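Order of appearance sets the numbers: ligands from 1, and atoms from 1 within every ligand. These numbers were taken from a predicted model, which means no experiment stands behind them.
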Amino acid sequence: MYGKFKDYLTDALNQIRQDGLYKHERVITTPQGPALRLQTGEEVLNFCSNNYLGLSDDPRLTHAAQQALQTHGYGMSSVRFICGTQDIHKALEAAVSDYFRTEDTILYAACFDANGGLFEPLLSEEDAVISDALNHASIIDGIRLCKAKRYRYANADMSDLERCLKESQAQRFRLIATDGVFSMDGNLAPMDAICRLAEQYGALVMVDESHSAGVVGPSGRGLAEQFDCYGRIDLFTGTLGKAFGGALGGFTTGRKEIIELLRQRSRPYLFSNSLPPAIVGASLAMFSILKENNDLHRQLTENVVYFRDRMLAAGFDLKPSRSAICAVMLYDARLSQEFAARMQSEGIYVTGFSYPVVPRGQARIRVQLSAGHHRADLDRALAAFLKVGTELGCLAPRKA
Ligand SMILES: *Cc1c(COP(=O)(O)O)cnc(C)c1O
C-alpha cells in the first residue's frame, strides 16, 4: 500500500516546491533572542520572532523555571482534573485573571487548544458564531468543531459585521470572534465598535489576544485597555508563547460561568496534559515582572516608533498599525522573496510573505519588533533596509 501513497506524497511535495511555498526550517544554535547564531555559523539580528517583550531568554524566567523544576518536578503525567493541578497552576490562572481584569481563567497546553476547545462546549446549532475573515487558523478550526451557524465578515469591516448580526437575529445566542491584532497587517480589531454593535444586536464578544497581549494598550494589557472596553468583552484567549515568555501554553479568561463550563466540557482541557511546572513557574515570574513596572512595554513602544518613523522617512510603504508588527509592502511576490534573502545576507532575519498567506499582489516583508532590540540593532536593520531597498528600487511606494 505505501508505494502508491508515497508517490502521491512525493507529487504533493513537488507541487508545493513548484509553487514556491515549501517551508524550510532555519536551525538556530543559540537561545531565542534579538541576536541569533544559525547552524551555518551565520550571526543574524532577529526581526521575525514573537518575542515582543524580549523575555524568551530573560534570566529571571530561566531561573524561575529551574526553581519550579526543583520544587514541583518535571512533568505532570496527568490532565488537570485527574491529578494534574498543582498550587502553581491555580496561581497562574489567578495571575492571568488579574492581568486581564477578568473573573476566572483556564489554562491549556497552547492557545491553539484554547481556541480549539472554546466554541463547541458553549454553542449549539441554535446559535451563531460570527468570525472575522482574517482570524487565526485555530479560531477557524475551533469554529469548525461546533455546530453553530457560521457567519464571516470582511476583516475589521464594521458594516459587514452589522450585516452578519442582522442576518443572525433568528439564532438563540450570537458570539463575535476576532483576533486582537491581525498577524499579517498588524492592524487592531476595532473593539469599541465591535462592543457597540454587540450590545446593539445582542451578541457575546471573544477576542484572541495572542499578538496583542503585552503589546497593545497604554500599559500593554491588550485590546480592552487600548479601547477601554473592560467589562464589555466576555472572553479572551491568549498564548504564553509570544510576548509572555515565548515557551508554551494558552489560556481562556473571562466571565466565571463560561470558564466553569469549559472546565467541565472543553476537550483539549479534559483530554490533554497539564502544563509542566517549569513553564508555569516561569510564567508566574513573568506576570510578576509585568506587574512591577511597564519598562518592557515602554521599551517596545519606543522601538516600534523609532523603527516605523525612520522606515517611513526612508520612503518605505508601511501598513498603518499600532502593534509590534510592521508590514513593509512590496506587493510583488518574487521581490519580497529576493528582498528577504538579501536582508539575510546583510545579517537581518526578516520574513517575506506572499500569496496564499496574504492576498495576491499584497506581498510584503513582515518585521516584528521587540523590547529586546537595542538601538544599534534597529539602526543596523534600518541601514540594511535602506541598502536593499535602494538596490531593488522599492523606496517609492509602488502598487503592482
Ligand atoms: C500564535 C497564535 C495562536 C497559537 O498560539 P499557540 O499558543 O502557539 O498555540 C492562536 N491565535 C493567534 C491569534 C495566534 O497569533
Side-chain angles (χ1 to χ4, degrees), residues 23 25 32 48-53 55-56 92-93 96 99-100 105-119 129 131-145 152 155-156 175-191 194 205-217 220 222-224 226 233 235-254 262 266-269 271-276 278-280 282-283 286-287 321 323-327 351 353 357-358 366-370:
K23 290 169 193 67
E25 295 174 345
Q32 180 65 269
C48 54
S49 84
N50 305 309
N51 184 19
Y52 296 127
L53 295 177
L55 286 167
S56 302
L92 180 55
E93 288 176 338
V96 174
Y99 187 86
F100 287 95
T105 298
I106 174 173
L107 294 174
Y108 289 87
C111 187
F112 209 106
D113 290 328
N115 287 332
L118 180 68
F119 301 95
V129 52
S131 176
D132 188 289
L134 291 190
N135 277 344
H136 190 262
S138 55
I139 298 180
I140 296 168
D141 286 7
I143 292 172
R144 279 188 188 140
L145 293 172
R152 203 169 84 130
N155 177 231
L175 171 64
I176 302 169
T178 182
D179 276 19
V181 162
F182 296 92
S183 65
M184 287 301 139
D185 287 6
N187 59 316
L188 275 57
M191 288 318 297
I194 291 175
V205 178
M206 170 267 179
V207 52
D208 179 336
E209 293 267 23
S210 289
H211 281 289
S212 44
V215 175
V216 168
L223 273 287
Q226 171 74 38
I233 298 170
L235 51 151
F236 304 83
T237 58
T239 181
L240 300 172
K242 291 187 171 116
F244 290 160
L248 198 70
F251 55 83
T252 299
T253 187
L262 292 176
S266 181
R267 293 164 70 84
Y269 175 84
F271 299 107
S272 189
N273 218 14
S274 293
L275 279 179
I279 288 178
V280 179
S283 301
M286 184 275 304
F287 279 113
S321 133
S323 68
I325 292 169
C326 179
T351 325
F353 286 105
V357 183
V358 294
R366 183 176 73 172
V367 179
Q368 291 176 283
L369 294 150
S370 166

Self-check item: Ser266/Tyr108 under side chain to side chain donor-acceptor pair (under 3.5 Å): CA gap, chis, key distance, verdict
Solution: CA-CA 10 Å; Ser266 181; Tyr108 289 87; 2.7 Å; yes
Quiz item: side-chain hydrogen bond (donor to acceptor under 3.5 Å, both in side chains) with Ser138: which residues, sequence neighbours excluded?
Solution: Asn115, His136
Practice problem: For Asp132, check side-chain hydrogen bond (donor to acceptor under 3.5 Å, both in side chains) against everything at least two apart and list the hits. | Solution: Asn155
Quiz item: Can you name the nearest heavy-atom pair linking Ser321 to Asp185, along with the distance?
Solution: CB-O, 3.9 Å
Could you go through ligand 1 and note, for every N or O atom, any protein N or O atom closer than 3.5 angstrom, writing the atom names and distance to 0.1 Å, or 'none'?
| unit_1 | atom_1 | unit_2 | atom_2 | d |
| --- | --- | --- | --- | --- |
| ligand 1 | 7 (O) | Cys111 | N | 2.8 |
| ligand 1 | 7 (O) | Thr239 | OG1 | 2.6 |
| ligand 1 | 9 (O) | Cys111 | N | 3.3 |
| ligand 1 | 9 (O) | Phe112 | N | 2.9 |
| ligand 1 | 11 (N) | His136 | ND1 | 3.4 |
| ligand 1 | 11 (N) | Asp208 | OD2 | 2.6 |
| ligand 1 | 11 (N) | Ser210 | OG | 3.4 |
| ligand 1 | 15 (O) | His211 | NE2 | 3.2 |
| ligand 1 | 15 (O) | Lys242 | NZ | 2.6 |

Quiz item: Taking C-beta and beyond as the side chain, do Arg144 and Phe119 meet within less than 4.5 Å on heavy atoms?
Solution: no
Exercise. Go through the structure and list residues passing ring pair (Phe, Tyr, Trp, His ring centres under 6.0 Å) with Phe287, not counting sequence neighbours.
Key: Tyr99, Phe244
